[in-house]
Amino acid sequence: MPATPRGHAKVKITADGQEQNLEGDCYHDHNWGDVALMKVMNHWCWGRANIGDYTVINSYMTTEKKYGHAKIPVFLLAKQEEILADDLQYVTYSETDKAIEPVTGKPYYQNLVFDYNSPEKHCRITYSAEKVITHDKMIDQIDGFKKLMAKMVGFDGAYLRFVGIVKLEILEGDNVVETQSSKGLWEEAYFGKTMED
């Protein structure tokens, strides 16, 4: 649940005796449920960006094998306070330029495209990775007996975070009538084995 799709934050950071005050756009979501994500979700990509007056939130989730590796998209495009597009039946997702992240060994795509094409609105969001800024093996966050058990069952969860350019295109028919872009963040989280494994 994106509790704060687009907010404004002020933070004070103190490190090595130096204090710094920062402020800027922020985003906050929270996963609610009574079942562990690892039991139902194989992996997801989840992105968000503020592009001028526009706010975009996109995700593409893949369930575990037990649930048929079902695909679940999330799509939100808002302009200031007005939601312009959020009906999932009109979302098409594609990915190109596959790469393998060397620390985790997990695959990811350098370009992700969410195309929304309803009778009222056609828009496209493209995430183009510039850099992997986080690459964590989830097993490294476990200690003791739990870590041993995780290794025994072959647990290989991983978390990747990317920074890059998020481009928004508004279309009329096949013609792009507006294009804007901004820096953005997105993540790839693997809770189960990579589907190719």
Output yes when a side-chain donor or acceptor of [X] lies under 3.5 Å from a complementary backbone atom of [Y], and no otherwise.
X: Tyr190; Y: Pro107; value: yes
X: Glu101; Y: Val103; value: yes
X: Ser118; Y: Tyr90; value: no
X: Thr63; Y: Val40; value: no
X: Asp87; Y: Gln89; value: yes

How long is the gap from [atom1] on [X] to [atom2] on [Y], to the nearest 0.5 Å?
X: Trp46; Y: Met61; atom1: CH2; atom2: CE; value: 5.0 Å
X: Tyr159; Y: Thr104; atom1: OH; atom2: OG1; value: 12.5 Å
X: Ser59; Y: Leu76; atom1: OG; atom2: CG; value: 12.0 Å
X: Glu82; Y: Leu84; atom1: CD; atom2: CG; value: 5.0 Å
X: Thr179; Y: Leu171; atom1: OG1; atom2: CG; value: 8.0 Å
X: Lys79; Y: Ile170; atom1: NZ; atom2: CD1; value: 8.0 Å

Distance-only polar pair, side chains of [X] and [Y], donor-acceptor under 3.5 Å:
X: Gln180; Y: Glu178; answer: yes
X: His122; Y: Glu172; answer: no
X: Asn42; Y: Thr62; answer: no
X: Gln18; Y: Asp16; answer: no

Heavy atoms, side chains only, cut-off 4.5 Å: are [X] and [Y] in contact?
X: Val74; Y: Asn58; result: no
X: Val11; Y: Glu23; result: no
X: Ser128; Y: Asn111; result: yes
X: Leu112; Y: Trp186; result: yes
X: Leu160; Y: Thr134; result: no
X: Cys123; Y: Tyr116; result: yes
X: Tyr60; Y: Lys71; result: yes
X: Gln20; Y: Lys12; result: no

If you measure from the Lys or Arg side-chain nitrogens to the Asp or Glu carboxylate oxygens, is any gap between Glu187 and Arg161 under 4.0 Å? yes
Salt bridge check, Arg124 against Asp115: does any charged N sit closer than 4.0 Å to a carboxylate O? yes
Using a 6.0 Å cut-off, check whether atom CD of Glu81 has over 12 heavy atoms from anything other than its own residue. no
Other residues, nucleotides and ligands only: do more than 12 of their heavy atoms fall within 6.0 Å of NZ on Lys39? no
Residues Phe162, Tyr108; criterion ring-ring contact (aromatic ring centres under 6.0 Å, His included); working and verdict: CA-CA 10 Å; Phe162 308 90; Tyr108 70 95; 5.0 Å; yes
Cluster check [X], [Y]: I/L/V/M/F/W/Y, side chain < 4.5 angstrom:
X: Ile100; Y: Val132; result: no
X: Val113; Y: Val56; result: no
X: Ile125; Y: Val176; result: no
X: Tyr109; Y: Tyr127; result: yes

Exercise: identify the closest heavy-atom pair between Val91 and Pro73: CG1-CB, 4.1 Å
Which heavy atom of Val166 sits nearest a heavy atom of Gly184, and at what distance? CG2-CA, 3.8 Å
I would like to know whether Ile83 and Leu77 meet side chain to side chain contact (heavy atoms under 4.5 Å, CB included); could you show each step before the answer? CA-CA 6 Å; Ile83 294 175; Leu77 174 65; over 6 Å; no
